[in-house]
Number of protein chains: 2
Amino acid sequence: MKNQQSVPYTEDVDLLSFDIFKSLTEEEVEELNQITICTLHKRGSIVYNEGSRINGTYIVVKGIVKIYKTGFDGKEQIIRFAKTGDLIGFRSVISNELACTTAKIIDETVLCYIPGEELTKLLKENSEFAMALMKLTCKELGEANKFLTDIAQKTVRERLAEVLLLLMDEFELDEDNTLQISLTREELANMVGTATESVIRLLSEFKADKLIELNGRKIKLLNIPKLIKVGNVYI
Amino acid sequence: MKNQQSVPYTEDVDLLSFDIFKSLTEEEVEELNQITICTLHKRGSIVYNEGSRINGTYIVVKGIVKIYKTGFDGKEQIIRFAKTGDLIGFRSVISNELACTTAKIIDETVLCYIPGEELTKLLKENSEFAMALMKLTCKELGEANKFLTDIAQKTVRERLAEVLLLLMDEFELDEDNTLQISLTREELANMVGTATESVIRLLSEFKADKLIELNGRKIKLLNIPKLIKVGNVYI
DNA sequence: GCATACACATGACATATATCACATTTTTAA
DNA sequence: TTAAAAATGTGATATATGTCATGTGTATGC
């Protein structure tokens, strides 16, 4: 909890470049541009906390936001990462509940804030936008169900392999086949739903099996087909 | 896979009695009544299968439907139970994806089918209805996230206690404090995300600890406060 | 630049839970 | 009603994974 969580962000943001706003009319985008407030957040700062009231939603313009729940013993469970173009916080606005997750910046991030009233106004006035957001939510729900099944049925080893592949899909590899996102071992553990030590050990095993190469937090995928096999990932 | 999965259901159904349709106008309900086709399904029949294309949604008029995913080794993971007033299948219609779950009848059930076009038409024309459905989806998403965290972090014992309490909330107790829904041990295991034998053993332990009383598939909750404690359930 | 707090790594150990095997009981269908 | 198929229950056993302890390396802030 630092004092300065965010600073104003003055550069121009083109909201229309984000898929979710594609269905808005010119006037609606214009209005949105007037209303939104953009801020720059640095690593570690909290956007909102589980249990707090959220009065609006944020669109991620740039950067990465970690969305997680805190288990009753204080352990984090990472639900997802939001990146450029993703909306965060809207779930609570729409269901009118307290935030059920915490959003924490893990890479310097630019966020634009859209007040809840503006969001609901758009949803009411523009059914296409409403459908787009609904589609998004439904997709997320589908993913959540899949993830649930995996955690319930797969071994830690399988889940770790799967998480690496998921990170590849979400954040791409660089020319060197290295994951663009770098997470701590603890964060990986909090995605997989296991202990940090287990992740460390399994990563070493994967390395020994020539599936990956490790360089600090950088993970290079050496053998993706085999990772798919290890993770029992069916596409 | 029996030949006769369902038979027509002729009795009158009052769609307006379901919360989700409360926001519809009289004409919309009238139209819906014209269009919907109601059917009676018996225990064990499949409403739709994971991976199949769904062209519409069903409202549960009466009965209980088990919604589950099948893990890669064939093991079921129960996502939720749908009961009177719940919509099933709409997720796939809206996200325009194949069904990501299977819906199976576990108690004689009456379903009314609403074609996808009718659903999307209502969503487009009636923003209040759209908001209601969105609210529902967002709530489900919140629950899915909570469940995910529990499965990832809690012990099987804790989860079983929690599932019993969840079933109490969803299906109520009779005057005798007995759960109104009766599931097989395997189904309980598929909710908790564990092996059937583990559920059997843990239920015996709960019984020995005077938390519950067992009578076939009927489970009587003897000490709810202690169950809450065992499950680390915070409300 | 130094100190302090993390992050990472590895070993030893405990144990919750899965798995297998086999009775017994209950349910289902013919 | 009876046979077959599920579901339930219990014991023995294996093991994946969590936990604790301890050491080294590495950021990070003052």
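The shown structure was predicted, so the numbers you read here are calculated from the model rather than taken from an experiment. Each chain gets a letter, A, B and so on, in the order its sequence line appears, and its residues count up from 1.
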> According to a strict under-4.0 Å criterion, is A:T155 in side-chain N/O contact with OP1 or OP2 of D:dA16?
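For A:T155, the contact criterion (side-chain N or O under 4.0 Å from OP1 or OP2 of D:dA16) is not met.
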
> What nucleotide among C:dA18, D:dC20, D:dG18 has an atom nearest to a side-chain atom of B:V156?
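Shortest atom-to-atom distance from the side chain points to C:dA18.
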
> Taking for each residue the nucleotide of DNA chain D bearing the nearest heavy atom, is the 5' side occupied by A:R157 or by A:R217?
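Looking at the nearest nucleotide for each, A:R157 comes out on the 5' side.
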
> Separation of A:E197 atom CD from D:dC20 atom C1', in whole Å?
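Atom CD in A:E197 sits about 8 Å away from atom C1' in D:dC20.
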
> Between C:dA21, C:dA12, C:dA7, spot the one nearest the side chain of A:E186, thanks.
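Comparing C:dA21, C:dA12, C:dA7 against the side chain of A:E186, the answer is C:dA7.
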
> Check the distance between C:dT27's P and B:K218's NZ and give it to me in whole angstrom.
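Nearest whole value for this atom pair: 12 Å.
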
> How long is the line joining CD of A:E205 and C1' of D:dA16, in whole Å?
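In whole Å, D:dA16 C1' and A:E205 CD are 11 Å from each other.
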
> Side chains of B:L183 and B:N190: does their closest heavy-atom pair fall under 4.5 Å?
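Heavy-atom side-chain distance check fails, nothing below 4.5 Å.
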
> Between D:dT8, C:dT17, C:dC8, which one does the side chain of B:I200 approach most closely?
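Output: D:dT8.
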
> Which whole-number value in Å describes the distance from B:R185 CZ to D:dA6 C1'?
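Rounded to the whole Å, the gap is 14 Å.
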
> Give the C-alpha distance, both sets of side-chain angles, the deciding distance and a yes or no for side chain to side chain contact (heavy atoms under 4.5 Å, CB included) between B:M191 and B:L166.
CA-CA 11 Å; B:M191 286 191 78; B:L166 186 143; 4.1 Å; yes

> Examine C:dA7: is either OP1 or OP2 under 4.0 Å from a nitrogen or oxygen in the side chain of A:T184? Give yes or no.
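For A:T184, the contact criterion (side-chain N or O under 4.0 Å from OP1 or OP2 of C:dA7) is not met.
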
> Indicate, with a heavy-atom threshold strictly under 4.0 Å, whether A:T194 touches base, sugar-phosphate, or nothing.
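Since only primed, P, OP1 and OP2 atoms lie under 4.0 Å of A:T194, the category is sugar-phosphate.
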
> When you match B:R43 and B:R201 each to their closest nucleotide on DNA chain D, which lands nearer the 5' end?
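Per heavy-atom nearest nucleotide, the more 5' residue is B:R43.
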
> Over how many whole Å does the gap from B:N215 atom CG to D:dG9 atom P extend?
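Computing the B:N215:CG to D:dG9:P distance gives 11 Å.
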
> Is the shortest side-chain N to carboxylate O distance from A:K146 to A:E162 below 4.0 Å?
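Between A:E162 and A:K146 there is a salt bridge, with a charged N closer than 4.0 Å to a carboxylate O.
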
> Give the rounded distance in Å between these two atoms: CD1 of A:I106 and P of D:dA27.
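Going from CD1 in A:I106 over to P in D:dA27 covers 17 Å.
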
> Would you call B:R91 and B:E140 a salt bridge, using N to O less than 4.0 angstrom?
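Looking at B:R91 and B:E140, the cut-off is not met.
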
> Round to the nearest Å and state the distance from A:L214 atom CG to C:dA9 atom P.
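Nearest whole value for this atom pair: 7 Å.
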
> If you assign each of B:R159 and A:L183 to its closest nucleotide in DNA chain C, which residue comes earlier from the 5' end?
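Its nucleotide being nearer the 5' end, the pick is A:L183.
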
> Can you tell me how far P of D:dT17 sits from CG of A:L160, to the nearest Å?
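Rounding to the nearest Å, CG of A:L160 and P of D:dT17 are 11 Å apart.
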
> Check every strand shown and say whether B:T196 touches a base, only sugar-phosphate, or nothing at a heavy-atom separation below 4.0 Å.
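No contact.
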
> After noting the C-alpha distance and the side-chain angles of A:E143 and A:R80, does the key distance pass the salt bridge (charged side-chain N to carboxylate O under 4.0 Å, His left out) rule?
CA-CA 10 Å; A:E143 281 158 22; A:R80 67 186 179 105; over 6 Å; no

